[in-house]
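Just so it is clear: chains get the letters A, B, ... in the order the sequence lines come, proteins before strands, and each one is counted from 1. Please read these numbers as outputs of a predicted model, since none were measured by experiment.
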Protein chains: 2
Amino acid sequence: MDFTIIDIANKAKVSKSTVSRVLNNSGYVSEKAREKVNKAVKELNYVPSAMAQGLSKKTSNTVGVLIPELQNYFFTELLQGLSEVVDNKGMTLIFSDTANDPIKQEKALLMIKGQRVKGLILTPANEYSSKKQNLELIKSLKALHLPIVIVDREIPDSPWDTVLFENFNAGYLATKALIKGGNKTIGIITGDMNLKIARERYDGYLCAMKEHNIEIDKKYIFNGDFTANTAYEITKNLFENSSNVPDGFVTCNNQSSIGFLRATLEKNLKAGKDFAVVGIDKINLIKEFNIPFSYINRDTYLMGKKAMEILIDRSENPTKEKMECIMPAKFVSLGTEKKK
Amino acid sequence: MDFTIIDIANKAKVSKSTVSRVLNNSGYVSEKAREKVNKAVKELNYVPSAMAQGLSKKTSNTVGVLIPELQNYFFTELLQGLSEVVDNKGMTLIFSDTANDPIKQEKALLMIKGQRVKGLILTPANEYSSKKQNLELIKSLKALHLPIVIVDREIPDSPWDTVLFENFNAGYLATKALIKGGNKTIGIITGDMNLKIARERYDGYLCAMKEHNIEIDKKYIFNGDFTANTAYEITKNLFENSSNVPDGFVTCNNQSSIGFLRATLEKNLKAGKDFAVVGIDKINLIKEFNIPFSYINRDTYLMGKKAMEILIDRSENPTKEKMECIMPAKFVSLGTEKKK
DNA sequence: TTGTAAGCGTTATCAC
DNA sequence: GTGATAACGCTTACAA
């Protein structure tokens with residue numbers, strides 16, 4: 001169906017080795033031969049088979065990307081960054097959405113293995129949090145014998161390069177902003193505390209509170225799980241049934257912020273008036289919808305680019321020491337860190 | 001590095017053909033041999049090389065997906081639908097974001113061609129709208145000799161299966177809702193009128209207006225281009241400098257709706273009070289943010305699933321007649337189709 | 001029921 | 001400078 005290197009060789013009246021040399025710019029080729037080959041390539045609209053090349057070269061030009069929540073704005077933006085670099089390098093991106101499901105993730109890893117990709121970019125599915133699950137994931141990943149870059153969610157005790165976020169600092173800055181905003185009582189809707197990123201953000205909260213000698217009150221610690229629904233339920237119940245509403249809130253990721261906002265909006269409560277709040281991570285469309293919501297920002301697109309660049313670097317320098325890129329957290333004020 | 005079929009054959013003490021037969025469930029294999037092979041496969045954690053398989057079978061298990069705007073919620077959701085089916089079928093998804101850039105798209109098509117994919121899902125980049133550009137795209141696509149499914153944006157006079165939207169009806173329903181809402185003057189922020197989907201939506205608007213004997217007033221026709229920025233500028237200028245503000249608006253895609261809303265929010269104008277509006281396509285987070293905004297909805301996730309299913313169907317039935325799937329448009333009222 | 005061998009479209013190693 | 005030829009890891013007649 002498609003033309004092969006032999007068709008080009010025939011058409012250009014040279015051997016396929018010469019065609020290959022021209023295409024790969026390797027070895028000596030006379031100007032004449034080069035022209036003939038290029039002409040034939042153009043005329044037949046020939047593009048070499050990546051499969052055949054991969055097989056022959058024993059390496060592909062393909063990277064795998066496994067992402068857990070395509071509906072989350074954060075990952076969409078991340079993917080754009082990844083895609084950008086891949087395109088520029090003329091590589092190919094193989095994508096799968098693991099939907100935070102370890103089973104799906106395991107399947108995807110098999111697919112990735114079958115594709116003999118050059119490397120893998122992975123944000124682990126939520127579930128990998130217990131020691132045991134964690135070890136299993138590490139085992140699966142090691143079995144790939146591949147350059148891997150872990151993004152956003154760290155895998156404890158793992159050897160791979162990482163692109164992470166200043167999680168502690170994010171929690172710290174958010175809390176600090178609320179304290180400076182004059183809030184006396186500050187609550188937090190945590191993430192899934194099985195995940196390190198959730199614990200780190202929480203630790204940042206604790207640290208800021210302690211620094212200011214504010215007593216940690218357990219009734220203000222709300223156990224979320226990084227989903228909008230849970231945050232919504234927590235918030236709704238809180239404002240309905242309890243007088244234990246703190247002045248200010250830290251919401252630990254964009255999904256939680258969304259759930260939190262939804263509940264407060266339903267009750268006609270105004271951020272920056274009826275309560276104070278600082279979220280971690282930007283919410284999509286917040287600017288467009290003119291929604292007042294102070295948050296801790298990071299450059300997600302850049303995270304994607306960095307991750308892919310590190311992966312490429314790693315595949316060229318396999319013995320280099322472990323690389324870690326930690327994206328800074330930045331407080332963006334839209335006024336909601338103060339109450340009233 | 002990775003194990004090969006020969007390693008399995010050696011370990012199981014059979015020939016590689018037998019291994020292949022077991023793996024592919026083809027031909028006769030004794031129970032004994034099967035067990036030995038499976039054992040070896042498991043022990044060595046063997047996964048066949050998709051590249052070698054593809055080369056040998058002269059067909060891959062891979063589909064290409066080219067999408068023009070990953071930042072648009074519509075396409076994210078679409079991608080989820082595509083991804084779902086791909087995963088279930090044990091296929092592999094190769095992804096590229098063309099960023100509405102024909103040059104990038106052309107590059108991506110070359111990449112796709114090199115990968116010898118089984119088929120291609122494509123939403124063409126915006127630019128392909130002039131007759132000439134259109135023909136060029138058709139030529140490029142034909143040169144692929146591949147099953148192709150065109151999604152959302154039709155390519156006129158093209159032979160490929162399509163999954164489209166009731167564009168005319170969307171414009172019609174939106175306008176009708178505004179008319180029923182009692183609005184006397186109704187404007188429209190159109191999409192990029194080079195695109196058929198924009199013209200169809202506009203035609204729906206015209207039709208509804210005529211049906212109700214409402215005069216079309218050119219000063220209420222605003223030439224947008226499906227981007228938020230343009231809609232924002234149009235809306236901003238309109239409310240600032242002109243007394244020619246219609247009672248109601250049709251905004252022709254979600255990006256335009258976002259830009260429109262942003263401008264009105266900035267001016268503290270309230271949908272359903274200061275003006276009426278019905279948008280085409282859902283805006284992300286509209287429910288969560290409790291933003292009143294009536295719109296014309298479609299099941300985007302399903303569109304993705306359908307598209308991939310059609311692609312698979314097509315690759316199994318190459319001679320089947322052209323398939324067209326048109327997703328229905330449904331009006332969702334959140335009250336903003338009325339003014340005051 | 002199993003193994004041998006040719007072939008898939010490349011690259012790479014050699015002679016020439 | 002160039003062209004055979006082996007090799008990459010698999011599938012698939014065909015032979016046994």
Side-chain angles (χ1 to χ4, degrees), chain A residues 1-38 40-41 44-62 90 92 110-111 113-118 145, chain B residues 1-38 40-41 44-62 90 92 110-111 113-118 145:
Chain A
M1 197 74 224
D2 282 300
F3 291 112
T4 75
I5 200 170
I6 301 250
D7 297 315
I8 305 299
N10 291 154
K11 177 135 191 156
K13 299 202 189 305
V14 294
S15 73
K16 59 177 181 176
S17 333
T18 299
V19 177
S20 178
R21 281 188 205 104
V22 173
L23 261 33
N24 295 288
N25 255 314
S26 65
Y28 298 97
V29 184
S30 67
E31 207 39 52
K32 227 189 213 164
R34 186 179 304 279
E35 275 168 18
K36 284 193 292 182
V37 168
N38 281 331
V41 166
L44 296 188
N45 228 300
Y46 168 73
V47 180
S49 157
M51 294 191 292
Q53 286 181 317
L55 196 56
S56 181
K57 289 195 189 171
K58 292 157 98 48
T59 166
S60 81
N61 214 9
T62 287
T92 294
L110 286 184
M111 180 274 282
K113 179 164 190 191
Q115 292 295 331
R116 305 291 193 267
V117 298
K118 191 196 206 82
H145 304 290
Chain B
M1 198 73 224
D2 283 299
F3 291 113
T4 75
I5 199 171
I6 301 251
D7 297 314
I8 305 299
N10 292 154
K11 178 136 191 154
K13 298 204 189 306
V14 294
S15 74
K16 60 179 182 174
S17 350
T18 300
V19 176
S20 177
R21 281 188 205 103
V22 173
L23 262 32
N24 295 289
N25 253 313
S26 65
Y28 299 97
V29 183
S30 67
E31 207 40 51
K32 226 189 214 163
R34 187 180 304 279
E35 275 167 19
K36 284 193 293 184
V37 169
N38 282 330
V41 166
L44 296 188
N45 227 301
Y46 168 72
V47 179
S49 156
M51 293 191 293
Q53 286 182 315
L55 198 55
S56 181
K57 290 196 188 171
K58 292 158 98 47
T59 167
S60 81
N61 214 9
T62 287
T92 294
L110 286 183
M111 179 274 283
K113 178 164 191 189
Q115 292 294 330
R116 303 292 192 268
V117 298
K118 192 196 206 77
H145 303 291

Quiz item: Think B/Thr18 has a side-chain N or O under 4.0 angstrom from the OP1 or OP2 of C/dG3?
Solution: yes
Practice problem: For each nucleotide in nucleotides 6-14 of chain D, reading 5' to 3', give B when a protein heavy atom comes within less than 4.0 Å of its base, S when such contact involves only the sugar-phosphate, and - otherwise. | Solution: B-BBBBBB-
Quiz item: Between B/Thr92 and A/Gln115, do the side chains contain an N or O donor and an N or O acceptor separated by less than 3.5 Å?
Solution: yes
Quiz prompt | For atom CD of B/Gln115 and atom P of C/dG9, their distance in whole Å | solution = 16 Å
Self-check item: Value in whole Å for how far the P atom of D/dT2 lies from CG of A/Asn10
Solution: 17 Å
Quiz item: Got a second to check how far A/Asn10's CG is from A/Ile5's CD1, nearest 0.5 Å?
Solution: 11.0 Å
Quiz item: Nearest heavy-atom pair of A/Leu23 and A/Pro48: which atoms, and what distance?
Solution: CD2-CG, 4.2 Å
Self-check item: All pairs passing salt bridge (charged side-chain N to carboxylate O under 4.0 Å, His left out) where residues 2-16 of chain B contributes a residue, at least two apart
Solution: A/Arg116-B/Asp2, B/Lys11-B/Glu43
Practice problem: Could you grab the distance from atom OG of A/Ser20 to atom CD of A/Gln53, nearest 0.5 Å is fine? | Solution: 8.0 Å
Quiz item: For the pair made of NZ in B/Lys13 and P in C/dG3, what is the distance, rounded to whole Å?
Solution: 12 Å
Exercise. Specify the separation, in whole Å, of atom CD of B/Glu31 and atom C1' of C/dT2.
Key: 15 Å
Self-check item: Between OG on residue A/Ser15 and CZ on residue A/Arg21, distance to nearest 0.5 Å
Solution: 6.0 Å
